[in-house]
Each structure stands twice: as structure tokens, then as C-alpha cells.
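Encoded as C-alpha cells, the structure appears first; notes follow it.
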Amino acid sequence: MAFTAPSGTGLQDGPIVSERVDYHADGGGIIGETSSDIHVLEVATGWCRAVAENIRFCGDPAWSPDSRWLAFTAGPDHDSDLTLWTDTHVVAVSLDATATERIPRRIAPDVLARGPVSWTPDGASMLVTGKRDTSVPDELFRLDVVTGAARSLTGLLNRNLLRAAPGYPGGTPQVTSDGGGVLCCVRDRGASHLYYVPLDGAPLVALLADTGTSVSGVTEAAGRVAFLLRSSTSYGEIATLDRSTKTVTLRSDYSRLRSGPDLVPVVGEEREFLSSDGSAVHGWLLRDSGKQGPRALLLDIHGGPHSAWEGCVDDTHLYQQELIARGWAILLVNPRGSDGYGSTFAAAARGAWGTADAPDLLCAVDQLVDEGIADPHRLAVAGYSYGGYMASFLTAFDHRFAAAVTGGMVCDLGSVVGPSDAGLPTAREQLGGMPWDLPEKYERMSPWARVGDVTTPTLVLHGGADLRCPLPQAQQWHAALRARGVPTRLVIYPGASHTFVVDGRPSYRIDYSHRVVNWLTEWVRP
């Protein structure tokens with residue numbers, strides 16, 4: 001079997017010395033050395049040997065069908081820490097391989113590859129999720145092992161392939177058992193849908209693309225696909241789909257395992273809102289179907305910014321269910337920058353964080369007020385990660401909200417470039433350049449520049465070990481509000497990384513939802 005392991009002996013006592021900026025990682029802390037070795041272990045004898053050494057950002061290895069080669073993704077050059085780019089490599093494993101074959105070889109260096117890598121049944125090609133340009137969605141590429149030529153199998157779809165990550169749905173693309181195509185998850189209008197991609201270049205087939213459902217964790221055998229299916233009324237069930245008939249069958253009923261009451265009877269109403277420039281913006285309105293009239297409204301903002309609301313319930317935002325049970329409505333908007341609406345829409349917020357998407361969010365709130373659904377005196381805003389940034393941005397420029405919750409936030413974009421484990425790549429690819437070259441643009445995008453105008457009572461929630469959006473950003477925001485007499489509270493979760501709201505300690509995640517509910521109901525009066 002093949003596996004990766006860190007190169008060297010890891011951190012030693014004494015100072016940490018690094019010429020690169022990849023010495024730390026959210027969820028991993030200070031890691032010092034980011035190189036890995038790929039080892040092959042002969043199970044029968046226990047003989048183990050390294051087949052590739054000192055690989056930067058090394059992904060999981062994948063065996064070729066004949067077991068002669070291993071494929072993996074890795075940082076391609078000395079400055080990969082500045083871009084976080086990785087591409088595909090192969091290395092020979094067999095003992096009769098030549099010396100040249102035993103040196104890792106780059107395949108299709110023009111494709112930014114996101115592992116893991118998989119192989120076609122004939123061993124002539126590899127399949128990776130990636131892109132040639134950071135301004136376009138992730139596509140499924142077929143890479144020729146001999147020539148290195150790369151061909152996109154999903155580029156014409158203009159939708160993002162989802163590989164699954166904390167806070168993101170999707171799954172690793174799977175070659176079907178008959179070898180004729182690939183099953184993958186594609187983001188469309190916020191949700192993760194199941195597609196079949198023929199390897200012969202034939203048109204793609206949408207196997208499951210229902211509104212209000214989302215697919216993750218795909219596997220297949222003998223023409224039957226298994227996956228996790230979420231919906232507006234289910235946190236997730238195991239389901240199968242017959243490829244020939246497209247019939248979906250639920251194989252589990254985890255809803256019966258809940259010890260508490262059933263879900264609130266929520267009307268998950270799919271909506272479109274008109275932004276200030278006349279553009280249509282997609283989203284959902286969640287509310288108790290048994291209650292009428294204007295009510296308190298929470299504008300909940302997703303992270304990313306290249307993420308999206310799906311229209312499904314989820315166990316990260318349990319506070320939404322509790323607020324709805326108390327008579328609130330929840331507004332979920334996918335503004336410019338969101339994933340699932342094509343490359344132009346997703347790229348609209350690059351170099352324009354806050355300034356591009358704020359009108360989309362506020363116009364949606366205005367529309368619900370005009371319709372008599374939302375009470376203009378009982379409005380609140382919340383968000384996590386990029387959503388936390390946007391919540392602080394909106395309260396710095398707008399005073400309509402009676403309460404705000406910012407989780408995992410950043411507020412001063414220029415000062416986060418160094419401390420964040422993804423700061424430099426984010427500045428390069430998402431913010432339009434470096435802060436020392438664009439000081440005025442960074443000031444326009446940073447809520448910190450307008451913190452003196454904030455009057456909204458704000459709850460600040462943050463992981464103590466967050467290295468993606470470092471803790472000092474939250475402390476800075478909280479300290480400024482406290483000094484100015486704005487009601488505020490800072491909650492730090494010791495040892496928690498940026499993704500703790502998704503995969504952290506259950507006690508922290510429960511506490512997070514309780515605090516959101518308690519803060520909003522304290523400041524948004526009945």
C-alpha cells in the first residue's frame with residue numbers, strides 16, 4: 001500500500017525558522033516543515049521504502065490499474081506557498097523501473113489540479129479536478145499520461161465541481177464500474193447535483209438535479225449509485241439511484257433517531273430578488289408556515305465568498321431552526337461571488353469584497369420589508385468566515401440592523417495577509433493584489449476603516465486556534481466596539497480551528513448556536 005508521511009522529524013525544540021509562508025496551517029497549527037514523503041509498504045513482508053521525497057503540499061497517492069505507477073498532486077515549484085497551486089505528478093513504483101521513471105514527473109503543468117487523482121481503467125489517462133485559470137470554476141480534466149495533454153470534460157457546463165471539504169458538499173469524482181464515465185458533484189444554483197460525465201466526450205447527463213436537494217459522498221457499483229442526500233426537511237439520508245431509470249430510493253431513515261421534536265414546519269421558499277442594478281439574485285426565505293404578518297428577520301450570510309446556500313437544512317446552522325420556532329424568518333441570499341451561477345457571477349466580487357455584494361443583500365432585505373414579511377424595526381444580520389466579514393461590513397455602512405453576529409471574521413484585510421495561512425494567495429487571487437500596492441482599494445473593502453460608524457450591538461464568536469481568519473481580527477473589532485460604548489461580547493473557543501463550527505467539538509457547536517439565539521433575542525425586541 002502507498003501512503004504519505006511528513007519529511008524529517010517535524011518541529012524541534014527552539015526557534016521556528018522559515019523562509020516560506022507555509023509554516024502554519026489552520027487545523028494543524030505551527031507545522032514548520034510542509035514537505036512529505038510517499039512510501040510504499042509491502043504488506044506481506046513489512047518492507048517499506050520511499051518512492052518520492054520532500055514533496056511540497058503532497059496529496060494522497062493513487063495507484064495506476066497495473067500497479068506500476070503512483071499519481072499525486074503537489075506544489076510545483078519553489079514559490080507554491082505564495083499561490084497554493086498544485087499540479088499532477090506520476091512516479092514509477094515497480095522495481096524494474098528506470099532511474100528516470102523513478103523521478104516524479106509533472107503531468108499537464110498548465111492545470112491547477114485539486115486532488116485526489118484517479119485513473120481511467122486502461123491506465124492511459126488520469127482524472128483530476130482543477131482549472132487553468134483561477135477566474136473559472138473547477139472542471140474535470142482528463143490528462144494523457146504519455147503526452148501530458150489535458151482536456152476538460154466539463155468546461156462547457158460553466159459550473160464548479162465540488163470535491164467535498166469542511167463546510168462544502170460534494171465528493172471525489174468516481175469512475176463508473178463499467179469504465180465509461182465519471183460520476184461527480186456539480187454546484188448549480190447553490191446546491192450540489194449529481195452528474196454523469198462520459199469519457200468519450202459525449203454530452204453530460206444530470207442524474208439528480210432537483211431543487212432543494214444536495215448530493216455528497218458518491219460511490220457506484222453495477223450501475224447503482226450511492227450517496228448522501230440532503231433536503232429542506234432532512235439533514236441527510238443514504239440513498240441510491242439506478243442509472244438506467246434515474247429512480248432514487250432512500251436506504252435510511254435517520255429522522256426517526258431524533259430524540260427531540262420534529263423539524264419546525266418550515267416553508268423553504270425559493271426566491272429571486274432584484275439588486276440595485278436590476279440584476280436577479282437567487283436565495284431562500286425560511287419561516288414557519290403557520291405564522292403570518294411581519295416578523296423579525298435574520299439575514300444570514302454564507303462564507304467563501306465562493307460558497308452558497310443550498311436550500312437544505314444542515315447541522316451547522318441549528319440556530320436557524322430555533323429562531324424560526326420563535327417566530328423569526330431567515331433570509332438566505334446567494335449574492336455576487338457565490339458559487340453555482342457561472343464564472344462571471346462568481347468572479348464579480350474579486351477585488352470588490354463587500355462593495356460588490358452588499359447591494360444584493362440589502363435589496364433582498366428591502367424587498368421583504370416592502371412585502372410585509374419583515375418588520376423593519378426587527379432586522380438582524382449574522383454570518384461566519386466571509387459571512388462574518390460581511391456582517392461587520394454591513395453594520396459599518398448601514399444602521400438598519402438591531403443586532404449582529406460575526407463568527408470567524410476578518411475586518412482589516414491588509415493586516416490579515418501575513419497572519420492567515422492563506423493570506424498571500426487570497427490577496428493575489430481574491431482581493432485584486434497586495435495591500436501595499438492597493439491601499440485605497442483595501443480601505444474601501446475593510447470594515448475596520450469605518451468601525452467608528454458602527455452602532456449595532458455585535459456578538460463576536462471565534463476559534464482560539466483559527467489560522468485562516470486569525471483571532472486578532474475578532475479581538476480588534478470587539479475592542480473597538482467596546483471602546484466606543486457599542487454593546488458587544490467576545491466569545492473565544494479555546495483550541496478551535498476555523499472549521500470548528502462544522503467539524504469541531506460538539507459542545508462548542510451547540511454553544512455557538514445557543515449564543516446566536518440568545519444574543520439576537522436579547523437585542524431584537526418582541
Side-chain angles (χ1 to χ4, degrees), residues 82-84 134-135 275-277 279 281 299 301-308 333-339 344-364 381-401 404-456 458 460 462 466 468-481 498:
L82 302 179
T83 63
L84 300 185
T134 57
S135 65
S275 189
S276 56
D277 64 355
S279 300
V281 181
L299 170 64
I301 308 174
H302 67 65
H306 306 308
S307 185
V333 181
N334 287 337
R336 264 163 270 214
S338 301
D339 190 17
T344 300
F345 194 87
R350 287 186 172 168
W353 279 21
T355 59
D357 39 347
D360 297 347
L361 298 166
L362 295 178
C363 286
V381 61
Y384 190 85
S385 191
Y386 184 85
Y389 155 81
M390 275 305 301
S392 62
F393 185 95
L394 292 180
T395 58
F397 287 84
D398 194 286
H399 298 109
R400 74 183 67 193
F401 298 104
V405 178
T406 65
M409 65 173 294
V410 293
C411 62
D412 187 358
L413 297 180
S415 68
V416 80
V417 168
S420 171
D421 68 340
L424 284 173
T426 298
R428 184 191 304 270
E429 298 176 9
Q430 301 294 333
L431 298 175
M434 297 301 165
W436 49 86
D437 295 325
L438 304 165
E440 294 180 356
K441 173 178 281 191
Y442 270 75
E443 183 175 347
R444 288 194 300 272
M445 293 187 293
S446 294
W448 180 249
R450 296 283 296 271
V451 69
D453 296 331
V454 177
T455 59
T456 306
T458 303
V460 183
H462 218 95
D466 190 337
R468 183 60 45 85
C469 299
L471 175 61
Q473 293 283 309
Q475 294 170 314
Q476 186 172 330
W477 192 253
H478 169 258
L481 298 185
H498 187 63

Distance (rounded to the nearest 0.5 Å) between [X] [atom1] and [Y] [atom2]:
X	Y	atom1	atom2	answer
L471	H478	CG	NE2	11.5 Å
R336	T355	CZ	OG1	10.5 Å
T406	L481	OG1	CG	8.5 Å
R350	L431	CZ	CG	10.5 Å
Q430	M445	CD	CE	10.5 Å
F401	L394	CZ	CG	5.5 Å

Is a side-chain donor or acceptor of [X] paired with a backbone partner of [Y] at a separation under 3.5 angstrom?
X	Y	answer
Y386	I301	no
H399	V454	no
S279	D277	no
D357	G354	yes
Y384	H498	yes
H302	P335	no

Are W353 and F393 close enough that their ring centers fall under 6.0 Å?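 Not under 6.0 Å, so no.
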Donor-acceptor pairs are to be reported for all side-chain atoms of residues 410-428 against protein atoms at under 3.5 Å, with residues two or more places apart or in another chain.
{"from": "D412", "atom 1": "OD2", "to": "S415", "atom 2": "OG", "distance (Å)": "3.2"}
{"from": "S415", "atom 1": "OG", "to": "D412", "atom 2": "O", "distance (Å)": "3.1"}
{"from": "S415", "atom 1": "OG", "to": "Q473", "atom 2": "NE2", "distance (Å)": "3.0"}
{"from": "S420", "atom 1": "OG", "to": "A422", "atom 2": "N", "distance (Å)": "3.1"}
{"from": "S420", "atom 1": "OG", "to": "G423", "atom 2": "N", "distance (Å)": "3.4"}
{"from": "S420", "atom 1": "OG", "to": "R468", "atom 2": "O", "distance (Å)": "2.7"}
{"from": "D421", "atom 1": "OD1", "to": "R468", "atom 2": "NE", "distance (Å)": "2.6"}
{"from": "D421", "atom 1": "OD2", "to": "D26", "atom 2": "N", "distance (Å)": "2.7"}
{"from": "D421", "atom 1": "OD2", "to": "R468", "atom 2": "NH2", "distance (Å)": "3.1"}
{"from": "T426", "atom 1": "OG1", "to": "A422", "atom 2": "O", "distance (Å)": "2.7"}

Quick check: closest heavy atoms across [X] and [Y], and the distance to 0.1 Å?
X	Y	answer
C469	H462	O-NE2, 2.5 Å
V451	A480	CG2-CB, 3.7 Å
A356	A348	CB-O, 3.6 Å
Y389	P447	CE1-CD, 3.4 Å
V281	N334	CG1-O, 3.3 Å
T395	A404	CG2-CB, 3.8 Å

Atom CD of E429: over 12 foreign heavy atoms under 6.0 Å: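 Yes - once you tally the heavy atoms of other residues, nucleotides and ligands closer than 6.0 Å, there are more than 12.
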